[in-house]
Engineer: 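I'd like to ask some things about the structure below.
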Amino acid sequence: MRTDRRQFLLSSAVATGLASAGALLASIVGRYLYPRAGVRRTRQLYVAPASEVPPGTGRPFTLPDGGTALIANTDGGYAALSNLCPHLGCKVHWEETERHFVCPCHDGIFDADGAAVSGPPADEGQQLTRYQVVQVGDHLFLELDEVVEV
Ligand code: FES
């Protein structure tokens, strides 16, 4: 009788373990076969009053992921570009007098649209990551696209 009870408890524990493992496996397979759909949305981040970025000037802006975008008031309007050089990752800055972006590490130069025009980045056909900048009245916003799980 005692052995039967022990046998029953052991069998119950094994059955429970197998059921749990099966449910976990089914969950993993289900997520693989039917991944969750994400919703794309555009997030607007306030940068600064436009009057604080007069023509020819630029200013850094910290992104939510800790990176930095450079907001520049170029001859063609506002531009927002990553400050990370695509060559080897040095920090790029806006050159107000020349109105272009400069990477000091290997003299990489990028135009106001972020396309490399000289130095190793130009040789490799690279460009700075570009962000969308929007002006609403006297306010500048950065628009970031992101996917949000539902
Ligand atoms: S890291 Fe920028 S030019 Fe080399």
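Positions are given from 1, in the same order as the sequence printed here. Order of appearance sets the numbers: ligands from 1, and atoms from 1 within every ligand.
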Engineer: I'd like the name of whichever of K91, E124, H106 reaches closest to atom 3 (S) of ligand 1 through any heavy atom.
Structural biologist: H106
Engineer: Please determine whether C90 has a backbone or side-chain N, O or S atom lying under 2.8 Å from atom 2 (Fe) of ligand 1.
Structural biologist: no
Engineer: Thinking salt bridges, do E143 and R43 make one under a 4.0 Å N-O criterion?
Structural biologist: no
Engineer: Just which atoms of ligand 1 are under 4.0 Å from any heavy atom in P121?
Structural biologist: 3 (S)
Engineer: Determine, using heavy atoms of G119 and all atoms of ligand 1, whether some pair is separated by less than 4.0 Å.
Structural biologist: no
Engineer: Between CG of L18 and OG of S11, what distance do you get to the nearest 0.5 Å?
Structural biologist: 10.5 Å
Engineer: Hey, is atom 2 (Fe) of ligand 1 within less than 2.8 Å of some N/O/S atom on C105?
Structural biologist: no
Engineer: Short question: side chain of N73, backbone of V53 - any donor-acceptor pair under 3.5 Å?
Structural biologist: yes
Engineer: Atoms of ligand 1 less than 4.0 Å from L88 heavy atoms?
Structural biologist: 1 (S)
Engineer: Under 4.0 Å between a side-chain nitrogen and a carboxylate oxygen: does that hold for R40 and E146?
Structural biologist: no
Engineer: Identify, by atom number and element, the atoms of ligand 1 in contact range of C103, meaning under 4.0 Å from any of its heavy atoms.
Structural biologist: 1 (S), 2 (Fe), 3 (S)
Engineer: Measure centre to centre between the rings of H139 and Y46, then say whether the value is under 6.0 Å.
Structural biologist: yes
Engineer: Restricting to N/O/S atoms, is H87 within less than 2.8 Å of atom 4 (Fe) of ligand 1 or not?
Structural biologist: yes
Engineer: Within the structure provided, determine whether T68 and F61 are in side-chain contact (heavy-atom separation under 4.5 Å).
Structural biologist: no
